[in-house]
Amino acid sequence: MTLPQEFTEYTSRLFGPERWERFLQSFLQPTPVSVRINPWKTLENPFPNAEPVPWCQQGFWLKDRPPFTADPLFHAGVYYVQEAASLFLDYVLRQVVTGPVSALDLCAAPGGKSTLMRAALPEGSMLVSNEIDRRRANILLENILKQGHPGVLVTHNAPKDFAKTNLIFDVILTDAPCSGEGLFRRDPTAVNEWSPQNVRFCAERQRGILRDIWPCLKDGGLLIYSTCTFNTYENEENVRWLAEELGADILSVPVVPDWQITGSLLTNWQQPVYRFIPGTTRSEGLFMAVLRKQGGKNAFSTLPSSLRAQLKKYPFLHLLSDGIPQPESKGREQIPSVAQALSLSAQEADFPRVELSLEESLRYLRREALKLPNSTPHGFVLVTYQGHPLGFVKNLGNRANNLYPKPWAIHNL
Ligand code: SAM
């Protein structure tokens with residue numbers, strides 16, 4: 001792969017010769033594969049010989065990349081395939097959030113950090129997981145529903161929509177759209193889309209997003225800002241701008257030296273920020289900073305327990321899921337939804353269950369009809385794999401109609 005010349009000139013200077021050399025060497029290595037186990041669905045790691053990622057309680061590196069699509073546990077939300085650097089958010093949240101909070105993940109699709117966030121936040125917290133792009137919001141919804149935690153509300157809005165409400169959050173994660181330099185190793189399209197102009201455009205857009213959402217953060221509340229790029233325009237300079245223009249303190253999170261996280265690379269600016277660089281850290285690229293909002297007008301946040309009701313007051317907030325899965329009405333019939341099957345709110349408990357083999361589970365996930373054992377009652381039946389719900393079928397006796405959502409069906413297997 002050929003790296004853009006301007007990127008090479010700038011980033012080799014930014015990293016210095018040793019880090020740059022290690023970065024180039026990393027392109028010759030396979031990208032590390034890691035997963036995060038969903039603690040709400042299992043406490044057991046389904047991957048033997050996996051190696052713990054030290055900065056994430058449920059994170060593991062795998063020896064190689066299994067065909068995840070062919071594993072029903074993946075579709076059941078038992079684990080999420082997540083790049084190791086992103087898992088650092090788990091460590092950060094556990095360091096800085098000590099009690100139940102109202103949290104917003106502003107740029108959330110496809111949902112890696114949101115699903116992690118809900119697992120890392122203290123019990124009693126409520127998370128609004130938001131995505132501006134409609135197509136990506138649907139993918140976010142699918143991933144949130146599969147993870148099954150009822151304390152997540154999924155919305156599809158622009159950052160400035162939140163500023164039109166009275167919603168005030170204790171914690172806001174802004175995992176901003178960026179120029180993607182940290183993804184070059186695993187995603188050649190990120191290389192093709194890179195340009196110095198796009199870096200400038202992204203840096204400006206990030207400031208706009210941060211400016212729009214800032215009024216929704218409580219005084220003393222936490223903003224976690226992250227990107228998956230290396231340059232200082234989108235990273236340190238935006239963090240400095242947050243501190244100088246919007247009034248934020250930059251917080252230090254004590255990290256273990258062995259993790260090889262790189263600090264500020266902006267000349268004459270040594271504030272605590274956290275950068276993952278392939279070749280130096282065992283991961284792809286990531287930048288993260290934690291900021292605390294100074295004084296202002298918002299002394300109180302929206303209570304986690306009232307967030308759902310408060311959010312519903314604003315018709316322009318496009319709520320895709322309120323965390324309470326409902327059956328779907330078809331004529332006079334109430335059809336149980338896949339969200340009910342996958343949710344941890346135990347709404348599936350009233351239905352008969354049938355355990356499927358691996359082969360039957362894959363047929364189910366391809367939306368093919370199944371034949372259940374003769375003793376199975378007619379009507380709606382929950383199908384499981386290794387005890388984990390996958391979804392519903394309607395059992396007619398001679399066959400069972402598949403109710404798995406069309407857009408979620410797997411192909412080419
Ligand atoms: N946090 C996600 C995760 O961990 O799976 C990844 C988020 S991705 C880096 C950035 C997201 O920001 C994209 O889903 C993109 O659609 C969204 N986005 C793009 N432009 C935006 C804007 N102007 N305001 C808010 N979000 C935007």
Side-chain angles (χ1 to χ4, degrees), residues 34-36 38 55-56 58-59 77 79-93 103-121 127-147 152 154-164 169 171-184 186-187 189-190 193-194 198-217 223-231 234-235 238 276 283-289 317-318 320:
S34 46
V35 296
R36 185 176 45 79
N38 179 354
W55 50 82
C56 176
Q58 284 94 19
Y79 62 89
Y80 193 92
V81 183
Q82 195 160 14
E83 208 290 296
S86 314
L87 300 177
F88 182 57
L89 178 63
D90 185 76
Y91 178 80
V92 167
L93 287 170
L104 169 66
D105 180 1
L106 186 62
C107 311
K113 296 199 183 62
S114 265
T115 51
L116 177 154
M117 208 167 166
R118 192 56 200 82
L121 290 176
L127 172 66
V128 176
S129 180
N130 177 70
E131 169 57 41
I132 192 171
D133 178 284
R134 178 69 220 212
R135 191 186 57 81
R136 290 175 63 85
N138 285 339
I139 299 167
L140 172 67
L141 178 66
E142 176 179 342
N143 286 326
I144 296 286
L145 295 180
K146 283 181 174 170
Q147 295 276 309
V152 187
V154 182
T155 56
H156 158 50
N157 279 86
K160 60 177 181 313
D161 293 337
F162 287 93
K164 293 183 215 151
F169 296 91
V171 179
I172 297 179
L173 169 67
T174 303
D175 186 33
C178 70
S179 59
E181 296 160 355
L183 304 177
F184 281 2
R186 71 162 192 215
D187 182 6
T189 57
E193 283 167 12
W194 188 92
N198 194 36
V199 168
R200 298 289 180 175
F201 168 78
C202 287
E204 273 306 309
R205 179 169 61 181
Q206 288 148 359
R207 286 189 188 189
I209 292 172
L210 292 165
R211 202 184 285 114
D212 283 345
I213 206 60
W214 191 247
C216 302
L217 184 63
L223 176 88
I224 302 177
Y225 175 70
S226 59
T227 72
C228 54
T229 208
F230 300 127
N231 67 77
E234 297 175 69
N235 293 325
N238 275 349
F276 287 64
S283 68
E284 302 309 304
L286 175 93
F287 174 93
M288 193 171 280
L317 286 182
H318 301 121
L320 303 184

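For ligands, and for the atoms within them, numbers begin at 1 and follow the listed sequence. None of the values given here were measured: they were computed from a predicted structure.
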Show the distances, to 0.1 Å, for all pairs joining an N/O atom of ligand 1 and a protein N/O atom that are shorter than 3.5 Å, listing one pair per line.
unit_1	atom_1	unit_2	atom_2	d
ligand 1	1 (N)	C107	O	3.0
ligand 1	1 (N)	D175	OD2	2.7
ligand 1	4 (O)	K113	N	3.1
ligand 1	5 (O)	P110	N	3.4
ligand 1	5 (O)	G111	N	3.1
ligand 1	5 (O)	G112	N	3.0
ligand 1	14 (O)	A109	O	3.3
ligand 1	14 (O)	E131	OE1	2.7
ligand 1	14 (O)	E131	OE2	3.2
ligand 1	14 (O)	R136	NE	2.7
ligand 1	14 (O)	R136	NH2	2.9
ligand 1	16 (O)	E131	OE2	2.6
ligand 1	16 (O)	R136	NE	3.4

In terms of heavy-atom contacts, A85 and E284 come closest through CB-O, 3.6 Å
For I224 and V92, the nearest pair of non-hydrogen atoms, with its separation, is CD1-CG1, 4.1 Å
Heavy-atom closest pair (L87 atom, V35 atom, distance to 0.1 Å) is CD1-O, 4.4 Å
Between G285 and F230, the two heavy atoms sitting closest are CA-CE2, 3.8 Å
Note: L140 and A108 closest approach over all heavy atoms is CD1-O, 3.6 Å
#### Entry: Side-chain ion pair, R200 and E204, N-O less than 4.0 Å
no
